[in-house]
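Report on one structure; see the data block that follows.
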Amino acid sequence: SETYIPYHNQALEEFLLDNVNQESLILYLWQNERTIVIGKNQDAFNECNIERLENDGGYLARRLSGGGAVYHDLGNLNFTFLSHKDNYDVDKQDKVILDAVNRLGFDAEKNGRNDLLIDGRKFSGHAYYSRGDRCYHHGTIMYDVDEEKLSDYLNVSMLKLKDKAVSSVKSRVVNLKSLSEDLTIDDIKKSLAASFEDNYGIKAEIIGEDSLDQDMIATLEEKYSDPAWRYGARKEYPHVMEKKFDFGIVRIGYELEGDVISDLAVYSDSLHTESIEKLIDILKGKDIDRLDVQDPDCIQSQIIDFIREEKDNV
């Protein structure tokens with residue numbers, strides 16, 4: 001992509017997803033200017049300082065995939081692998097990224113559910129999405145991201161920081177340029193293209209955006225820029241709980257009528273978006289057996305136990 005507007009780049013990404021054929025695998029490279037991108041199931045107002053971001057001329061974007069909030073600027077290079085499910089191989093796609101970075105002189109490795117690290121510090125985070133028989137795998141490569149802005153705009157849950165035994169978001173990420181001063185973002189692009197071809201053993205063909213359906217892309221861009229999509233519903237709930245599970249952090253705002261959960265919202269950085277959406281149907285109307293109506297810890301412990309019991313189903 002040659003534009004830095006997130007809504008256009010997201011629209012182009014979804015267009016490529018819908019139109020990738022069974023014989024093709026696409027590697028899409030793109031950059032956003034001063035943007036916070038949140039996962040599909042996240043609460044925008046909880047994840048970042050929207051007012052500060054927008055006052056600085058930045059953008060809030062919501063993606064189709066799950067996972068946590070990330071900061072993009074022109075010191076960050078984004079990638080997306082798009083393919084039919086028969087050609088979709090996350091391990092091989094990860095290897096394209098790792099080989100590209102390592103041939104530039106680094107010693108990168110995969111760690112955890114969706115991170116690539118150098119010396120224990122994250123330079124690339126990934127998320128995943130599928131629709132029908134088509135899939136995509138996208139992520140970031142931190143080249144020279146403004147870490148001060150990253151910290152200013154993002155609100156990182158203390159549950160996540162505590163779990164990683166670090167005190168701030170800056171201490172757990174690293175820019176490639178800080179490790180190799182002469183490295184350019186064009187070096188990374190060229191290395192990615194070469195690694196893509198080497199790993200699949202096929203010469204890649206460059207797709208020009210002008211050859212694509214501009215009307216359809218414009219329609220998709222309207223969807224991604226719509227405030228209703230980006231911000232989501234905003235409601236203050238009298239009760240809020242947050243808990244880290246092995247699949248991610250879950251935050252629930254809820255109302256009670258007697259012993260019953262009458263209304264709720266479920267937010268999460270889980271990569272499994274459909275599972276989180278099912279929790280709303282599972283929990284709404286559930287009777288909470290508790291000794292003390294005013295004891296939130298008792299209610300929360302029962303909801304947590306219930307999610308643990310149901311996690312195989314969701």
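When all heavy atoms are compared, the tightest approach of Asp152 to Asn49 is O-CB, 4.0 Å. Smallest separation of non-hydrogen atoms from Ile280 and Leu264: O-CD2, 3.9 Å.
Here the two rings, on Phe81 and His126, have centers that are 6.0 Å apart or farther.
A salt bridge (charged side-chain N to carboxylate O under 4.0 Å, His left out) with Asp43 is found for one member of Arg234, Arg62, Lys235, Arg230 and no other, namely Arg234.
Checking Ser195 against Asp198 by side-chain atom types alone, no donor-acceptor pair falls below 3.5 Å. Between Asp86 and Gln22, the side chains place a donor N or O and an acceptor N or O closer than 3.5 Å (distance only, hydrogens not considered). Inspection of the His138 and Gln93 side chains reveals no N or O donor paired with an N or O acceptor under 3.5 Å. Judged purely by distance below 3.5 Å, without hydrogens or angles, the side chains of Asn9 and Ser1 pair a donor atom with an acceptor atom. Between the side chains of Asn78 and His72, at least one donor N or O lies within less than 3.5 Å of an accepting N or O. Under the 3.5 Å distance criterion, with hydrogens and angles disregarded, a donor-acceptor pair is assigned to the side chains of Glu14 and Tyr224. Checked by atom type, the side-chain pair Asp56/Tyr153 shows a donor-acceptor distance below 3.5 Å.
Note on Arg131 versus Asp18: salt bridge recorded, some NZ/NE/NH1/NH2 to OD/OE distance being below 4.0 Å. A salt bridge links Lys40 with Glu277: the closest approach of a Lys/Arg side-chain nitrogen to an acidic carboxylate oxygen falls below 4.0 angstrom. Salt-bridge annotation for Lys110 and Asp94: present, with a side-chain N of the basic residue lying under 4.0 Å from a carboxylate O of the acidic one.
Of the possible polar contacts, none joining the Glu33 side chain to the Asp73 backbone as a donor-acceptor pair under 3.5 Å is found. Using a distance-only test at 3.5 Å, with no hydrogens or angles considered, a donor-acceptor pair links the side chain of Asn102 to the main chain of Ala108. Checked by atom type and distance alone, the side chain of Ser151 never pairs as donor or acceptor with a backbone atom of Glu148 at under 3.5 Å. Looking only at distances, a side-chain donor or acceptor of Asp226 sits under 3.5 Å from a matching main-chain atom of Ala228. Of the possible polar contacts, one joining the Ser225 side chain to the Glu222 backbone as a donor-acceptor pair under 3.5 Å is found.
Within the 4.5 Å cutoff, side-chain heavy atoms of Leu179 are placed close to those of Ile118. By the 4.5 Å heavy-atom criterion applied to side chains, Leu116 and Glu109 are not counted as neighbours. Between Ile38 and Leu60 the shortest side-chain heavy-atom distance falls below 4.5 Å. With a 4.5 Å cut-off on side-chain heavy atoms, Ile141 and Asn76 do not count as touching. In this structure the side chain of Arg121 never reaches within 4.5 angstrom of the side chain of Arg172, judged on heavy atoms. Counting only heavy atoms from C-beta outward, the side chains of Lys190 and Thr184 never approach each other to under 4.5 Å.
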Just do the side chain to side chain contact (heavy atoms under 4.5 Å, CB included) check on Gln214 and Leu212 with the steps written out, would you? CA-CA 6 Å; Gln214 298 302 308; Leu212 307 178; 4.3 Å; yes
Full working for side chain to side chain contact (heavy atoms under 4.5 Å, CB included) between Leu25 and Phe196: CA-CA 10 Å; Leu25 177 68; Phe196 187 51; 3.7 Å; yes
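Taking the six-membered ring where tryptophan is involved, the planes of Tyr59 and Tyr7 are perpendicular, since the angle between them exceeds 60° and thus also 30°. Between Tyr129 and Tyr136, the angle of the ring planes lies from 30° to 60°, which puts this pair in the tilted group.
Both Leu64 and Met216 are members of a single hydrophobic cluster when ILVMFWY side chains are connected at heavy-atom separations under 4.5 Å.
For the pair Lys92 and Tyr200, the cation-pi criterion (under 6.0 Å, within 45° of the ring axis) is fulfilled.
Taken from CG in Asp107 to CG in Asp119, the straight-line distance is 7.0 Å, to the nearest 0.5 Å.
In this structure, Glu23 places its CD atom where more than 12 heavy-atom neighbours from other residues, nucleotides or ligands lie under 6.0 Å away.
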